[in-house]
Asks: 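Below are the structure tokens for one structure; questions will follow.
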Amino acid sequence: MRPARFHSWNVTPQEASAIQSTLSDKVETCPLPGKIQLVAGADVSFDTGSNMVYAAVTVLRFPELTLVERRSAAETITFPYIPGLLAFREGPPILHAFQQLHNIPDVFMFDGHGLAHPRRFGLASHLGVLFDLPSIGVAKRVLVGSFDQMKKEQGNYSSLIEKGEEVGLALQTKDNVNPVYVSIGHKSDLPTSREFVLACTAQYRVPEPTRQAHLAVNALRTGAEIDLDVGGDQTTLFE
DNA sequence: GCGACAG
DNA sequence: ATCTTGTCGC
């Protein structure tokens with residue numbers, strides 16, 4: 001069965017919003033797979049001067065978090081940044097990098113929200129549905145909702161609530177840092193996503209899949225060749 | 001009308 | 001996101 005029917009990305013903000021409302025009921029909530037061996041992370045970087053967008057997708061082996069594959073895309077910016085419509089700006093380049101993957105991940109982590117979105121269909125949900133892969137949104141700032149403050153101790157978390165609905169979690173990935181905001185993308189749920197995000201966190205606030213993608217995309221933007229496919233394992237490359 | 005507002 | 005040095009705090 002092919003649930004991921006594609007739509008045009010060449011739309012107006014009004015049409016983009018309508019697409020989100022329509023596709024939002026494609027999102028499925030369920031626990032993450034019991035056996036996860038590959039995790040992917042994606043990130044995008046911009047060059048306002050040259051009007052270029054750069055995307056990088058990394059695939060890490062889990063739970064080791066060693067790099068397995070890395071793919072990229074560089075194209076022209078086609079959509080403005082509008083809060084709530086991030087997928088229409090970052091989706092295309094991430095999709096193009098994703099399509100080059102030889103190793104299909106079991107779970108995909110995105111830099112942005114999933115259900116913690118005004119129409120419950122943020123970037124993580126959008127791409128999760130299009131790729132038809134379990135996905136999780138891990139954002140660094142809130143878009144919608146509020147949460148009760150908590151002690152900044154690793155592992156602590158607090159519900160992100162909007163309109164009486166729990167749309168995600170504020171999660172402490174490390175001690176004494178700001179929390180990251182975790183929400184369901186597609187085929188995932190809050191309890192298993194919370195544990196998984198913590199399991200993907202190494203030495204920094206941002207979990208490794210998206211952190212590695214962030215490092216890669218910045219290297220890409222400054223001219224580096226980052227595509228890579230490791231048959232066996234490999235540690236990092238930058239740092 | 002006013003403020004908020006993923007990256 | 002991006003432009004950017006030093007600096008306060010653990």
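As a basis for the values below, the full set of heavy atoms in this structure was taken, side chains included, without hydrogen atoms, waters or symmetry mates. In what follows, chains carry the letters A, B, and so on, assigned in the order in which the sequence lines appear, proteins first and then strands, with residues in each chain numbered from 1.
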Asks: Apart from A:L143 itself, what residues make up its hydrophobic cluster, given side-chain heavy atom links below 4.5 Å?
Replies: A:V144
Asks: Does a nitrogen or oxygen in the side chain of A:N218 sit under 4.0 Å from OP1 or OP2 of C:dT2?
Replies: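 Looking at the OP1 and OP2 atoms of C:dT2, one of them is under 4.0 Å from a side-chain N or O of A:N218.
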Asks: What pairs of residues pass the salt bridge (charged side-chain N to carboxylate O under 4.0 Å, His left out) test when at least one of them lies in residues 121-130 of chain A, not counting sequence neighbours?
Replies: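 Listed once each, the pairs would be none.
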Asks: Can you give one letter per nucleotide of nucleotides 3-10 of chain C, 5' to 3': B if a protein heavy atom sits under 4.0 Å from the base, S if only from the sugar-phosphate, - if neither?
Replies: --------
Asks: Using side-chain hydrogen bond (donor to acceptor under 3.5 Å, both in side chains) as the criterion, list what pairs up with A:Q172, not counting sequence neighbours.
Replies: none
Asks: Which residue pairs pass the salt bridge (charged side-chain N to carboxylate O under 4.0 Å, His left out) test with at least one member in residues 85-113 of chain A, sequence neighbours excluded?
Replies: A:D111-A:K140
Asks: Nearest 0.5 Å, what's the CG-CE distance between A:L171 and A:M150?
Replies: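 Reported to 0.5 Å precision, the distance equals 7.0 Å.
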Asks: Is there a chain of hydrophobic side chains (I, L, V, M, F, W, Y, each step under 4.5 Å between heavy atoms) that links A:L32 to A:L38?
Replies: yes
Asks: If you look at every strand shown and take non-hydrogen atoms under 4.0 Å, does A:S45 touch a base, only sugar-phosphate, or nothing?
Replies: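 Answer is sugar-phosphate: A:S45 comes under 4.0 Å of backbone atoms only.
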Asks: Can you list every ring-ring contact (aromatic ring centres under 6.0 Å, His included) pair that touches residues 153-197 of chain A, not counting sequence neighbours?
Replies: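 Every pair satisfying ring-ring contact (aromatic ring centres under 6.0 Å, His included) with a residue in residues 153-197 of chain A: A:F62-A:F196, A:F147-A:Y181.
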Asks: What residue pairs, at least two apart or across chains, pass side chain to side chain donor-acceptor pair (under 3.5 Å) with a residue in residues 46-56 of chain A?
Replies: A:D47-A:S50
Asks: Tell me which pairs pass salt bridge (charged side-chain N to carboxylate O under 4.0 Å, His left out) where either residue lies in residues 163-180 of chain A, with sequence neighbours left out.
Replies: A:R120-A:E165
Asks: Is it true that a side-chain atom of A:T58 and a backbone atom of A:P209 form a donor plus acceptor pair closer than 3.5 Å?
Replies: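 The answer is yes, because a donor-acceptor pair under 3.5 Å joins these two groups.
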Asks: List in chain and number order the residues that pass side-chain hydrogen bond (donor to acceptor under 3.5 Å, both in side chains) with A:S72, two or more places apart in sequence or in another chain; answer none if no residue qualifies.
Replies: A:D227
Asks: What stems involve DNA chain C, if each pair must be Watson-Crick or G-U and both of its distances must be under 3.5 Å, with 3 or more such pairs in a row?
Replies: none
Asks: Can you give one letter per nucleotide of nucleotides 2-7 of chain B, going 5' to 3': B for a protein heavy atom under 4.0 Å from the base, S for sugar-phosphate only, - for none?
Replies: ---BBB
Asks: Which word best sums up how the rings of A:W9 and A:F88 line up, parallel for under 30°, tilted for 30 to 60°, or perpendicular for over 60°?
Replies: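 A:W9 and A:F88: perpendicular rings.
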Asks: Under 3.5 Å for both pairing distances: what stems, at least three Watson-Crick or G-U pairs long, include DNA chain B?
Replies: none
Asks: Are A:N10 and A:T78 side-chain neighbours, meaning at least one heavy-atom pair lies under 4.5 Å?
Replies: no
